[in-house]
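The first residue of the sequence shown is numbered 1, and numbering continues consecutively from there.
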Amino acid sequence: MEYFFDPMCPWAYRTSRWIREVRRHVELDVTWRFFSLEEVNREDGKKHPWERAWSYGWSQMRVAALLRRDGAEAVDRWYAATGAAFFERGLPTFTPDGARAVLESIGVDPLRVDEALDDPTTGDEVLADHRACVERHGGHGVPTLVLDDGTALFGPVVLDPPEGQEAVRLWELVTAWRDFPTLFELRRPKTDAHVAAIGDAFRPYLDTRAWRTVERPAR
């Protein structure tokens with residue numbers, strides 16, 4: 001299974017916690033792939049993320065692309081550490097120093113951040129993943145899951161990642177969508193109470209981020 005993510009998305013991180021739990025209980029190989037919210041939500045006239053010296057999410061994924069050359073487990077550990085630092089502890093992982101701190105926390109030379117930025121092919125790898133998600137699978141956001149049969153699904157978007165057999169049950173529900181190829185969307189409307197709970201859960205992220213949210217409508 002391919003899991004497309006952007007390290008700037010709190011929802012993708014929470015869903016990644018669920019997919020890691022699923023992996024503990026069922027036979028599942030996860031390939032971490034990159035998707036740029038900075039690009040899909042780019043405002044007209046603004047630079048593409050690859051045209052900037054440092055882009056919040058894009059540059060972090062370039063670091064992950066370099067680590068991915070060492071094997072899937074390196075990206076796995078990096079994403080878990082990055083997400084926990086940013087979304088749970090409110091640390092600014094989206095800066096060069098923050099990215100170096102994440103690497104140091106998992107026993108990787110922090111200078112690999114500079115190595116990734118000095119190597120233009122890391123950006124090529126991020127862009128290739130992003131374009132594959134958009135052009136091949138119709139991706140518009142994260143998390144996007146691509147199952148082993150090629151079925152692409154956006155989500156699940158879950159605030160409280162289930163654990164144990166409840167995680168497996170959600171996995172079974174999600175993968176059952178393959179039985180209905182023209183079923184495109186099912187959503188739970190958010191009440192004021194839901195919005196308040198999301199705000200509380202995302203407080204470290206909301207207090208730490210250094211940008212305003214821009215989100216284009218999904219197709």
Side-chain angles (χ1 to χ4, degrees), residues 1-20 30-43 46-68 72 74-96 98-99 102-103 113 116-117 122-146 152-159 161 198 201-202 204-206 208-219:
M1 187 205 78
E2 296 178 318
Y3 189 104
F4 287 87
F5 73 96
D6 184 313
M8 292 291 89
C9 180
W11 291 111
Y13 170 65
R14 285 183 174 255
T15 300
S16 76
R17 286 169 46 194
W18 162 72
I19 207 67
R20 291 171 191 277
V30 179
T31 299
W32 303 102
R33 303 281 303 272
F34 308 124
F35 183 92
S36 176
L37 293 173
E38 289 166 304
E39 175 60 13
V40 296
N41 295 321
R42 183 177 62 89
E43 297 179 85
K46 299 290 187 180
K47 290 183 178 181
H48 294 281
W50 56 83
E51 295 175 327
R52 305 168 195 158
W54 176 270
S55 295
Y56 293 130
W58 183 271
S59 296
Q60 288 187 83
M61 289 186 284
R62 290 184 62 187
V63 175
L66 184 68
L67 296 180
R68 190 166 62 179
V75 181
D76 196 305
R77 290 194 302 124
W78 170 85
Y79 184 30
T82 296
F86 184 24
F87 300 116
E88 296 179 26
R89 299 195 297 277
L91 301 178
T93 58
F94 49 83
T95 67
V102 168
L103 292 189
V113 171
L117 297 180
T122 60
D124 295 340
E125 291 180 27
V126 175
L127 184 57
D129 274 10
H130 177 82
R131 285 179 171 167
C133 188
V134 173
E135 297 170 7
R136 189 181 310 157
H137 303 297
H140 59 80
V142 288
T144 293
L145 313 184
V146 180
L153 300 170
F154 173 71
V157 176
V158 57
L159 183 62
I198 292 167
F202 285 7
Y205 158 74
L206 295 172
T208 307
R209 65 179 181 173
W211 56 86
R212 64 184 182 87
T213 298
V214 177
E215 185 174 358
R216 296 188 185 277
R219 288 189 290 177

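Remark: D129 CG to S36 OG distance equals 11.5 Å, nearest 0.5 Å. Of the inter-residue distances, the one linking F34 atom CZ with Y3 atom OH reads 13.5 Å to the nearest 0.5 angstrom. In this structure, CD on E39 lies 14.0 Å from NZ on K46, to the nearest 0.5 angstrom. The distance from the CE atom of M8 to the OG atom of S55 is 11.0 Å, given to the nearest 0.5 Å. One distance of note links CZ of R89 with OG1 of T208; it measures 11.5 Å at 0.5 Å rounding. Here C9 contributes atom SG and F35 contributes atom CZ; the two are 10.0 Å apart, rounded to the nearest 0.5 Å.
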side-chain contact (heavy atoms from CB on, under 4.5 Å) between H140 and V40, intermediate numbers included: CA-CA 7 Å; H140 59 80; V40 296; over 6 Å; no
Would you please test V142 and L37 for side-chain contact (heavy atoms from CB on, under 4.5 Å) and show each step? CA-CA 8 Å; V142 288; L37 293 173; 4.0 Å; yes
As a quick check of understanding, evaluate side-chain contact (heavy atoms from CB on, under 4.5 Å) for M1 and I19, giving each step before the final call. CA-CA 10 Å; M1 187 205 78; I19 207 67; 3.8 Å; yes
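Without hydrogens or angle criteria, R68 side chain to W32 main chain gives a donor-acceptor distance under 3.5 Å. Judged purely by atom type and a 3.5 angstrom limit, R62 uses its side chain to pair as donor or acceptor with the backbone of A116. When atom types are taken as modelled, the side chain of T15 and the backbone of P156 share a donor-acceptor pair closer than 3.5 angstrom. With Q60 contributing its side chain and P7 its backbone, the two residues share no donor-acceptor pair below 3.5 Å.
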Identify every side-chain donor-acceptor pair in residues 77-88 under 3.5 Å, counting partners at least two apart or on other chains, and give the distances.
unit_1 : atom_1 : unit_2 : atom_2 : d
R77    : NE     : E73    : OE1    : 3.4
R77    : NE     : E73    : OE2    : 3.1
R77    : NH1    : I106   : O      : 2.8
W78    : NE1    : T82    : OG1    : 3.3
Y79    : OH     : A12    : O      : 3.4
Y79    : OH     : Y13    : N      : 3.3
T82    : OG1    : W78    : O      : 2.9
E88    : OE2    : Y13    : OH     : 2.4

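Between A65 and T122 the shortest heavy-atom distance is CB-O, 3.9 Å. Across every non-hydrogen atom of R42 and K47, the tightest pair is CD-O, 3.3 Å.
Take I198 and apply the side chain to side chain contact (heavy atoms under 4.5 Å, CB included) test, not counting sequence neighbours, and it matches W11, L159, K190, F202.
Aromatic ring pairs are classed by plane angle as parallel below 30°, tilted from 30° to 60° and perpendicular above 60°; the pair W58 and H130 is perpendicular.
Aromatic rings from Y56 and F94 are positioned such that their centres are separated by under 6.0 Å.
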